[in-house]
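Heads up, the thing below is written out as structure tokens.
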Amino acid sequence: MNEEIDSINHILPTVDAGRWARDAGGKARAIRIWFRSVIGKTIHYKAQHQRLLDEAATSLQLALPQDIVMNNVLPFLELPSYTFELGDHEDE
């Protein structure tokens, strides 16, 4: 994931910035594509993390009393409830 985030530093120097006010140029397109890629992977990893948490919670619920799991374990395992949405504002 770190490589994906850092990849924009290698991409931007190689693309055109645009020539006039209405020409967004390659940099804007490259940033949009890169941003969607990073957000898409973040959503994927967050979903994967949630599946693992659900699996762990099921195992804990079988081994421990319900109130201990719900009150003392699960709150520390959950990710913040940030939501990321990918919109199709422009076609590449």
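- Residues forming a side chain to side chain contact (heavy atoms under 4.5 Å, CB included) with Pro13 (at least two apart in sequence, or on another chain): none.
- Ile8 and Ile39 end up in the same hydrophobic cluster when Ile, Leu, Val, Met, Phe, Trp and Tyr side chains are linked at under 4.5 Å.
- Scanning for side chain to side chain contact (heavy atoms under 4.5 Å, CB included) contacts around Gln48 gives His44, Tyr45, Arg51, with sequence neighbours left out.
- Every residue was checked against the side chain to side chain contact (heavy atoms under 4.5 Å, CB included) condition with Thr58, not counting sequence neighbours, and none meets it.
- Taking OG1 of Thr14 as the start and NZ of Lys27 as the end, the distance is 7.0 Å to the nearest 0.5 Å.
- When the side chain to side chain contact (heavy atoms under 4.5 Å, CB included) test is applied to Asn9, the partners found at least two apart in sequence or on another chain are Asp6.
- Nearest approach of Ala30 to Val15, heavy atoms of both residues: CB-CG2, 4.4 Å.
- Cluster annotation: Ile43 and Trp34 are assigned to the same hydrophobic cluster (Ile/Leu/Val/Met/Phe/Trp/Tyr, side-chain heavy-atom contacts under 4.5 Å, transitive).
- No side-chain donor-acceptor contact under 3.5 Å links Ser37 to the backbone of Ile33.
- Here the NZ atom belonging to Lys46 is positioned 11.0 Å from the CG atom belonging to Leu53, to the nearest 0.5 angstrom.
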